[in-house]
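Note that this is a predicted model, so its numbers are computed, not measured. Here is the naming used below: chain letters follow the sequence lines, and residue numbers restart at 1 for every chain. The figures here come from the full heavy-atom set of this structure, side chains too, leaving out hydrogens, waters and symmetry mates.
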There are 2 protein chains.
Amino acid sequence: MLQTDTKSRIMDAAEQLFARDGFHTTSLRGLTELANVNLAAVNYHFGSKEGLLQAVISRRLLPLNELRRQKLKTVLNQAATVGSPPPAADLLRAFIEPTLDFRNSAPGAKDFIALIGRSLSEPDETVRNYFIQQILPVFKLLFDSLQKALPDLPADILMARLQFTMGAMGHTMCSSARPKQLIPGFPAPLSDTGLVADLIRFVSAGLEAPC
Amino acid sequence: MLQTDTKSRIMDAAEQLFARDGFHTTSLRGLTELANVNLAAVNYHFGSKEGLLQAVISRRLLPLNELRRQKLKTVLNQAATVGSPPPAADLLRAFIEPTLDFRNSAPGAKDFIALIGRSLSEPDETVRNYFIQQILPVFKLLFDSLQKALPDLPADILMARLQFTMGAMGHTMCSSARPKQLIPGFPAPLSDTGLVADLIRFVSAGLEAPC
DNA sequence: GTCTATAGATTGATAGAC
DNA sequence: GTCTATCAATCTATAGAC
């Protein structure tokens, strides 16, 4: 098996541990031990623990958001050629589905998705803002597109409902990364693909609800 | 001004800091300083930092869940006398609305609501499980009631959609506790009451979406 | 019940040899 | 670039006087 370089090994371990235990709870000692690198290597390569976090986020979030942007553009272009407003469900799918596809693109991507999900409710402003800042451009594109799709929905209502959507999405990503546990008295959880498919149906219906 | 007792002052400060900074990030030193009590008082009254967390949670979550249970029962009884299944929107309202009413019931309750919201994505299993364990009975009542309200919806789909609902709710509670900040290019956020009212519309429509 | 003082462990970060 | 060794600061928890 090919041994990746030190920098990548640190990022892989960080992705895994930040997602599982949270940023603050993860110690650099445990992290470097898992990565099989020296403790001092983190500060050498990333400057600080927070610098490592930013590197871990950017590595996957930048391409993920680019994929979302492309899919949104495709939906918008299709609608433009037909001359009708883009369907809201298609726009939501373009934003949500890449998240799942992305999970299978790399071994550690699944952990990363959980890390995104958690970041929405991250207490630390630094961490949360770093995430939001990276998502904002493509989120703005989604928002503007949905305004065209649902012209009768007031902008502040749409904004609130997109917040609900992000909450549902984040929580789903977060909990689907945990080992599935059957709760007595409740049905077994859906598969990951089934979960995402129904999430899109759920938020589409929610967005189009009368107000 | 009447000075409350040591135990309450500790719990009030903990509620505030756990909600704002998270459980692990909050130090007993900062906490006892804010509460204006001695550092050792926490261990005297609550045994440990985690014991304090459990006390903080139980103090408000037990009465909140009791209120939810009562409201759900009222909806169920009304439906029973009429002889028709309970409306799903009413059931969701009975579960969600008390959360908002509760916020204004005590000075620190607003912080607590944020604490609940965050707990859903809490990495620490101990913390998360303590929350879930306390919510589970009334959540089961909601689940069973909604099965009557929506008999054609498969149980596993309903379960998934309730997860989306909890995610949307948690995220909303969490972010509405933060100081509202206007993001450039986006509309101003709704008021708290408007937000909850639309959340109920959103999740009601989502739950009843075709599958 | 409340206090001071401190134990005991763990943390992020760094200096300096190689 | 990688290592060892260590600093300086933090943390929770506790012992013991009052």
Side-chain angles (χ1 to χ4, degrees), chain A residues 2-59 115 118-119 122-130, chain B residues 1-57 59 115 118-119 122-130:
Chain A
L2 225 135
Q3 180 82 310
T4 51
D5 65 345
T6 299
K7 212 167 167 177
S8 296
R9 285 214 308 284
I10 293 176
M11 292 173 83
D12 289 344
E15 188 167 61
Q16 186 179 330
L17 293 182
F18 289 168
R20 199 192 62 187
D21 303 332
F23 176 67
H24 286 106
T25 322
T26 300
S27 77
L28 289 185
R29 285 183 164 75
L31 197 156
T32 50
E33 194 178 347
L34 177 66
N36 206 25
V37 301
N38 188 269
L39 171 64
V42 170
N43 276 284
Y44 178 80
H45 286 285
F46 302 96
S48 69
K49 190 186 179 185
E50 206 165 87
L52 169 59
L53 175 71
Q54 295 198 355
V56 166
I57 294 171
S58 295
R59 176 173 64 158
L115 187 56
R118 175 155 312 137
S119 72
E122 175 65 45
D124 188 333
E125 228 178 60
T126 320
V127 179
R128 202 178 58 243
N129 284 345
Y130 194 77
Chain B
M1 166 149 179
L2 223 136
Q3 180 81 311
T4 51
D5 65 345
T6 299
K7 211 166 167 178
S8 295
R9 285 213 308 283
I10 292 177
M11 291 173 83
D12 289 343
E15 188 166 62
Q16 186 180 331
L17 293 181
F18 289 169
R20 199 191 61 188
D21 304 332
F23 176 67
H24 285 106
T25 322
T26 300
S27 77
L28 289 186
R29 284 182 165 72
L31 197 157
T32 50
E33 196 178 346
L34 176 65
N36 206 26
V37 301
N38 188 270
L39 170 64
V42 170
N43 276 282
Y44 177 79
H45 286 287
F46 302 97
S48 70
K49 189 186 181 185
E50 207 166 85
L52 169 60
L53 174 72
Q54 295 199 355
V56 165
I57 294 172
R59 175 172 65 158
L115 186 57
R118 176 156 310 139
S119 73
E122 175 66 44
D124 188 332
E125 229 180 58
T126 319
V127 180
R128 202 177 59 242
N129 284 345
Y130 194 75

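One atom, CD of B/E50, and another, C1' of D/dA13, lie 14 Å apart when rounded to the nearest Å. Across the protein-nucleic acid pair, A/N43 atom CG and D/dT2 atom P stand 14 Å apart, rounded to whole Å. Rounded to a whole Å, the NE2 atom of A/H24 is 12 Å from the P atom of D/dC11. The distance from atom CD of A/E33 to atom P of C/dT10 is 12 Å, rounded to the nearest whole Å. Rounded to an integer number of Å, the gap from B/L39 CG to C/dT4 P is 10 Å. Atom-to-atom, CG of A/L31 to P of C/dT11 comes out at 11 Å; the value is rounded to the nearest Å. One interatomic measurement links the two molecules: CG of A/L28 to C1' of D/dT6, which rounds to 16 Å at whole-angstrom precision. Per the geometry, NZ belonging to A/K49 stands 15 Å off C1' belonging to D/dA9, to the nearest Å.
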* Residues A/L39, A/R29; criterion side-chain contact (heavy atoms from CB on, under 4.5 Å); working and verdict -> CA-CA 6 Å; A/L39 171 64; A/R29 285 183 164 75; 4.0 Å; yes
* Dump the intermediate steps for side-chain contact (heavy atoms from CB on, under 4.5 Å) on A/Q54 and A/F46, then the final yes or no. => CA-CA 9 Å; A/Q54 295 198 355; A/F46 302 96; over 6 Å; no
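Checking C/dG12, C/dA13, D/dG1 against the side-chain heavy atoms of A/S27 singles out C/dG12 as nearest. Of the candidate nucleotides C/dT11, C/dT2, D/dT14, C/dT2 has the atom nearest to the side chain of B/T6.
For the pair A/F18 and A/R118, the minimum side-chain heavy-atom distance is 4.5 Å or more.
When the side-chain nitrogen and oxygen atoms of B/N38 are compared with OP1 and OP2 of C/dG1, none of them lie within a distance under 4.0 Å.
Panel note: side chain A/R9, backbone A/T4; a donor-acceptor pair is recorded below 3.5 Å.
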